[in-house]
Amino acid sequence: MKKHYRSCNLCEATCGLVIEHDASRIISIKGDKDDPFSQGHVCPKAVALKDVHTDPDRLHRPIRRSKGTWKEISWKEAIDYVSSHLRKIQNEFGKDAVAVYQGNPNVHNLGLMLYGRHFRKALGTRNLFSATSVDQLPHHLVAQHMFGHPLMLPVPDIGRTDFFLVIGANPLVSNGSLMTAPNMSGLLQNIRTRRGKVVVVDPRKTETAMKADDHLFIIPGTDVFFLATFLKELFALKKQEEINLKSQLQGVEKLKQIMDQTEFPWETTGISLDRIKGLASSFLKADRAVCYGRIGVSTQKHGTLCQWLINCINIISGNFDREGGQMFTTPAFPVRFSSKRPSSPRWHSRVRNLPEVIGELPVAALEEEITTPGPGQVKGFVCIAGNPVLSTPKGDRLNRALKQLKFMVSIDPYLNETSRHANIILPPAFGLDSSHYDLIFNTLAIRNTAKYSPPLYAPKKGQRLDWQILKRLTIQLNKGRSSFIDRVKFAWLNPERMLSIALKRGPYHQSMNLTLRKLKEHPHGIDLGPLIPVTPSGLFTEDNKIHLAPKLYIQALETLASSPYQPVASSKYPFLLIGKRILRSNNSWMHNSHRLVKGPQQCTIQVNTNDAIQLEITSGQNVRVESSVGSVVLPAEINDHIMQGIVCMPHGWGHQQEDIRLRVAQQNPGVSINDLTDPQSLDALSGNAVLSGVPVRISKYRNTGRMEQ
Ligand SMILES: Nc1nc2c(c(=O)[nH]1)N[C@H]1C(S)=C(S)[C@@H](COP(=O)(O)OP(=O)(O)OC[C@H]3O[C@@H](n4cnc5c(=O)[nH]c(N)nc54)[C@H](O)[C@@H]3O)O[C@H]1N2
Ligand SMILES: Nc1nc2c(c(=O)[nH]1)N[C@H]1C(S)=C(S)[C@@H](COP(=O)(O)OP(=O)(O)OC[C@H]3O[C@@H](n4cnc5c(=O)[nH]c(N)nc54)[C@H](O)[C@@H]3O)O[C@H]1N2
Ligand code: SF4
Ligand SMILES: [Mo]
């Protein structure tokens with residue numbers, strides 16, 4: 001029996017694992033106590049890596065659809081088939097006729113991160129989409145405007161803070177996002193042991209809120225007014241000369257002026273002015289405080305303004321770029337390059353004229369790009385590690401649209417709700433079969449760390465890793481177009497070589513002799529120390545300053561504050577639907593692990609007790625949920641942990657199609673929240689989808705005998 005050490009790459013926490021195994025069998029998966037970062041912490045999903053590894057439903061060879069059935073074909077045939085079809089479409093209809101969607105696991109996969117860029121470049125299409133625009137796009141946009149680079153994402157230094165203000169995130173369940181921090185419950189507990197405070201602002205009394213010192217219920221989508229009122233109070237309490245980093249700030253006066261002059265409709269939030277002011281005052285009094293907002297505030301109408309205001313709160317309260325506040329990482333693999341950033345938008349979507357943001361278009365526009373005829377219409381589609389039928393707004397419409405494509409390929413280990421539409425599926429050997437180094441999550445971690453994980457088992461004969469698939473496709477697409485030198489260089493590269501080169505260019509090579517070889521000698525990972533201040537030299541703005549008051553945001557906030565507030569809920573759709581995460585679930589793709597889905601149905605709709613009484617709904621009873629774009633039926637879960645007028649359900653469920661191959665998931669399919677979300681509803685500044693605060697009506701479901709979802 002042997003021990004293998006690696007990082008779990010399922011979620012952002014990057015926990016260290018120790019896997020006991022023999023030549024062919026995994027015996028156990030546990031937390032690695034010697035991992036300097038995670039120190040033994042894991043969640044139930046880590047053990048399920050074994051289920052994914054041995055899942056009989058997983059594909060191992062390319063399959064091609066032919067006359068309604070799937071046939072296995074060789075990799076050579078598959079790569080030729082895909083590259084020739086993509087080229088044919090581009091030759092006939094133009095480069096943009098092929099669209100690409102990259103899903104969440106791309107950022108958890110070293111090979112896809114390193115080769116995705118080359119593949120996209122070889123295609124040369126502007127129809128690039130990803131899960132970013134149903135997630136954290138506002139953060140990137142704000143980072144670009146304020147700090148000069150979309151990857152300058154500040155993280156809360158939660159290990160050293162005394163006041164953790166959490167808005168629209170549930171890190172005890174999600175294990176943290178844009179805040180790589182294993183052992184969230186320990187970290188939260190430590191804040192309280194230090195006599196610090198944890199305060200949660202959320203329409204739901206979440207698992208995190210239950211462990212917090214205080215919880216404020218907020219009406220979904222009104223956070224922008226809560227945050228603006230909070231910031232206004234900080235300006236009122238804080239003397240100008242006390243603002244630290246002041247010489248590095250650009251636009252303080254402008255921001256102060258707006259805050260002084262504007263009254264924000266705080267009453268729409270459902271939180272009293274006294275409470276907002278009281279919270280701002282105790283935040284300011286704390287030695288070290290940090291305000292943090294995630295999915296709940298990123299995926300709403302004013303997501304970009306919310307993330308901008310959150311940064312401003314941290315800056316003006318004196319908690320920016322300092323210990324215990326909001327800080328930047330110094331990653332060993334330097335992912336932020338200082339090349340001059342082109343001014344956005346460089347192009348717009350064809351149908352709705354939506355601007356490109358950081359090189360991509362809002363995925364909410366993908367369906368219309370496929371279905372609307374005319375020059376530039378999308379005819380070919382490459383889906384890499386993504387399941388947009390379940391994860392993007394009005395996914396059921398996209399489900400229909402994908403049928404219209406001339407050609408589609410999925411690079412995915414499963415035949416699922418999205419890949420079932422492909423003409424061909426290229427399934428990678430992945431997870432435990434691949435080597436790993438976390439490019440993105442080391443860049444978002446609350447300590448600077450580095451860890452290399454070798455593959456547990458080398459891929460079996462006839463299997464290909466993600467990077468090998470993308471590399472072959474890129475070579476085929478570039479045939480006859482790249483120079484001999486470029487071709488030789490590209491053929492020589494592999495993830496390990498790229499990693500080795502990058503580490504030598506990184507900040508720890510000189511000081512600590514950090515190389516890939518050294519990482520290999522330290523299988524538990526290497527701690528590179530706590531986060532350190534980087535301002536001003538680490539900023540990417542031309543003047544090396546933090547831009548506090550980008551014109552776009554100031555104008556948008558002024559317009560918003562001066563127009564009469566329109567409540568989102570209406571008499572037709574009186575409830576607001578919000579989303580959540582479940583501990584034993586990972587977006588849309590881990591429901592085929594029996595150990596994760598066993599027990600009571602997890603895809604339920606949470607309804608407040610008083611609302612349930614009025615609607616005569618009882619726990620476990622089926623409820624119909626209707627929005628302006630669709631309807632679903634699912635069982636109710638009734639309690640007081642949710643505000644009256646708000647309902648909540650998880651995303652990633654809805655494995656109902658018969659022709660998919662997810663035998664465990666299909667026994668308990670659930671329904672998709674994204675049959676209810678509206679692709680027309682976007683954060684105007686970033687194009688991010690609005691997934692929080694969707695107006696719906698709910699009613700007791702009376703089965704009429706008709707087939708219903
Ligand atoms: N309403 C609503 N919608 C949401 C959200 C929400 O909160 N509410 N959350 C959004 C967020 S934050 C996200 S990140 C997205 C996620 O949405 P997506 O990224 O579109 O989907 P996932 O569910 O992560 O599915 C990932 C796919 O990748 C495959 N896969 C897994 N690992 C690998 C790998 O290593 N290689 C390859 N090639 N394939 C792999 C899986 O089989 C699966 O098909 O959903 C978004 N959608
Ligand atoms: N177990 C598990 N962990 C995961 C994932 C998973 O699917 N399962 N997915 C991973 C991914 S891809 C991501 S992006 C992260 C996300 O990580 P988090 O952002 O922590 O995700 P959620 O748990 O969805 O928390 C969002 C919170 O926002 C609240 N909310 C909704 N609308 C509003 C609003 O209008 N205002 C406010 N203030 N709050 C609101 C919801 O009630 C919920 O508690 O989680 C990651 N971790
Ligand atoms: S918290 Fe995330 S990284 Fe840690 S074991 Fe669970 S899924 Fe893996
Ligand atoms: Mo995400």
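Source: prediction; values computed, not measured. Indexing begins at 1, ligand by ligand and atom by atom, following the structure's order.
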A.B. asks: What residue and heavy atom of the protein are closest to atom 19 (O) of ligand 1, and at what distance?
C.D. replies: N104 N, 2.5 Å
A.B. asks: Which of the atoms of ligand 1 are close to N109, meaning less than 4.0 Å from one of its heavy atoms?
C.D. replies: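 So the answer, numbered in order with elements, is 34 (C), 35 (O), 36 (N).
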A.B. asks: Would you tell me which option among D412, L59, L426 has the nearest heavy-atom contact to atom 42 (O) of ligand 1?
C.D. replies: D412
A.B. asks: Looking at Y414, which atoms of ligand 1 are within less than 4.0 Å of one of its heavy atoms?
C.D. replies: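 Within the 4.0 Å cut-off of Y414, ligand 1 contributes 42 (O).
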A.B. asks: With atoms numbered from 1 as shown, which atoms in ligand 1 lie under 4.0 angstrom from a non-hydrogen atom of D135?
C.D. replies: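 Near D135, the atoms of ligand 1 are 12 (S), 14 (S).
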A.B. asks: Please determine if D35 and K33 form a salt bridge, counting it only when a charged side-chain N lies under 4.0 Å from a carboxylate O.
C.D. replies: no
A.B. asks: Compute whether any side-chain donor of one residue and acceptor of the other, for H4 and R6, lie under 3.5 angstrom apart.
C.D. replies: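 Judged by distance alone, the side chains do pair up.
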A.B. asks: State if R581 counts as touching ligand 1 under the rule of any non-hydrogen atom under 4.0 Å.
C.D. replies: yes
A.B. asks: Is there a donor-acceptor contact under 3.5 Å linking the side chains of Q39 and N183?
C.D. replies: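 No, N183 and Q39 have no side-chain donor paired with an acceptor closer than 3.5 Å.
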A.B. asks: Please tell me if the side chains of I673 and D675 come closer than 4.5 Å, counting only heavy atoms from C-beta onward.
C.D. replies: no
A.B. asks: Please work out whether any backbone atom (N, CA, C, O) or any side-chain heavy atom from C-beta onward of I295 is under 4.0 Å from ligand 1, and answer side chain, backbone, both or neither.
C.D. replies: side chain
A.B. asks: What is the closest protein heavy atom to atom 37 (C) of ligand 1, and at what distance does it sit?
C.D. replies: A385 CB, 3.4 Å
A.B. asks: Will you find, in the side chains of N170 and T208, an N or O donor that is under 3.5 Å from an N or O acceptor?
C.D. replies: yes
A.B. asks: Hydrogens and angles aside, do Q602 and S585 bring a side-chain donor and acceptor to less than 3.5 Å of each other?
C.D. replies: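 Judged by distance alone, the side chains do not pair up.
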A.B. asks: So if I count the atoms of ligand 1 from 1 in the order they appear, which ones are less than 4.0 Å from some heavy atom of G386?
C.D. replies: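 Near G386, the atoms of ligand 1 are 20 (O), 26 (C), 27 (C), 28 (O), 44 (O).
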A.B. asks: Within ligand 1, which atoms have a heavy atom of D466 less than 4.0 Å away?
C.D. replies: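 Reading through ligand 1 atom by atom, the close ones are 34 (C), 35 (O), 36 (N), 37 (C), 38 (N).
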A.B. asks: Between CG of D396 and CG of N674, what distance do you get to the nearest 0.5 Å?
C.D. replies: 9.0 Å
A.B. asks: Within ligand 1, which atoms have a heavy atom of I411 less than 4.0 Å away?
C.D. replies: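 Heavy-atom distances to I411 below 4.0 Å select 37 (C), 38 (N), 39 (N).
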A.B. asks: Going by the order shown, which atoms of ligand 1 are within less than 4.0 Å of some heavy atom of N416?
C.D. replies: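 Result: 43 (C), 44 (O).
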A.B. asks: Give the atoms of ligand 1, by number and element, whose distance to some non-hydrogen atom of A131 is under 4.0 Å.
C.D. replies: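 What qualifies from ligand 1 is 19 (O).
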A.B. asks: By ring pair (Phe, Tyr, Trp, His ring centres under 6.0 Å), which residues pair with H302, not counting sequence neighbours?
C.D. replies: none
A.B. asks: For a quick check under 3.5 Å, do E417 and S588 share a side-chain donor-acceptor pair by atom type?
C.D. replies: no
A.B. asks: Below 4.5 Å, heavy atoms only, C-beta onward: do I384 and F119 meet side chain to side chain?
C.D. replies: yes
A.B. asks: Identify, chain by chain and in numerical order, each protein residue with a heavy atom under 4.0 Å from an atom of ligand 3.
C.D. replies: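 Lining ligand 3 at under 4.0 Å, by heavy atoms, one finds C8, L10, C11, A13, T14, C15, V42, C43, K45, A46, N175.
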A.B. asks: Would you indicate which of W589, Y101, F129, F430 comes nearest to atom 33 (C) of ligand 1 when only heavy atoms are counted?
C.D. replies: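 Result: the heavy atom closest to atom 33 (C) of ligand 1 is in F430.
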A.B. asks: Where the closest heavy atom to atom 25 (O) of ligand 1 is concerned, which of P650, S588, G103 has it?
C.D. replies: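 Going through P650, S588, G103 one by one, S588 has the nearest heavy atom to atom 25 (O) of ligand 1.
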A.B. asks: Please write down residue, atom name and distance for the protein heavy atom closest to atom 21 (O) of ligand 1.
C.D. replies: N387 N, 3.5 Å
A.B. asks: As a check for students: among T418, L465, N674, identify the option with a heavy atom nearest to atom 1 (N) of ligand 1.
C.D. replies: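 Ranked by closest heavy atom to atom 1 (N) of ligand 1, first place is N674.
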A.B. asks: Between W589 and Y414, what is the ring plane arrangement, given parallel below 30°, perpendicular above 60°, and tilted in between?
C.D. replies: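 Tilted, since the angle between the ring planes falls between 30° and 60°.
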A.B. asks: Identify, for atom 10 (C) of ligand 1, the protein heavy atom at the shortest distance, and state residue, atom and that distance.
C.D. replies: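 Ranked first by proximity to atom 10 (C) of ligand 1 is V134 O, 3.3 Å.
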A.B. asks: What closest approach, in Å, do T304 and L141 show between heavy atoms, and which atom pair accounts for it?
C.D. replies: CG2-CD2, 4.1 Å
A.B. asks: Quick one: look up the protein heavy atom nearest atom 46 (C) of ligand 1 and list residue, atom name and how far away it is.
C.D. replies: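 The closest one turns out to be S391 O, 3.5 Å.
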A.B. asks: If I compare all heavy atoms of R420 with all of K403, which pair ends up nearest, and what's the gap?
C.D. replies: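 That closest heavy-atom pairing would be NH2-NZ, 4.5 Å.
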A.B. asks: Could you check whether R663 pairs with D57 (Lys NZ or Arg NE/NH1/NH2 to Asp/Glu carboxylate O, under 4.0 Å)?
C.D. replies: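 The answer is yes: the pair qualifies as a salt bridge.
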A.B. asks: Could you check whether any side-chain N or O of H436 sits under 3.5 Å from a backbone N or O of N109, counting only pairs where one atom can act as donor and the other as acceptor?
C.D. replies: no
A.B. asks: Calculate, to the nearest 0.5 Å, the distance between atoms CD1 and CG belonging to I425 and N416 respectively.
C.D. replies: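 Interatomic distance, I425 CD1 to N416 CG, rounded to 0.5 Å: 7.5 Å.
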A.B. asks: Please confirm whether P413 comes under 4.0 Å of ligand 1, counting heavy atoms of the residue only.
C.D. replies: yes
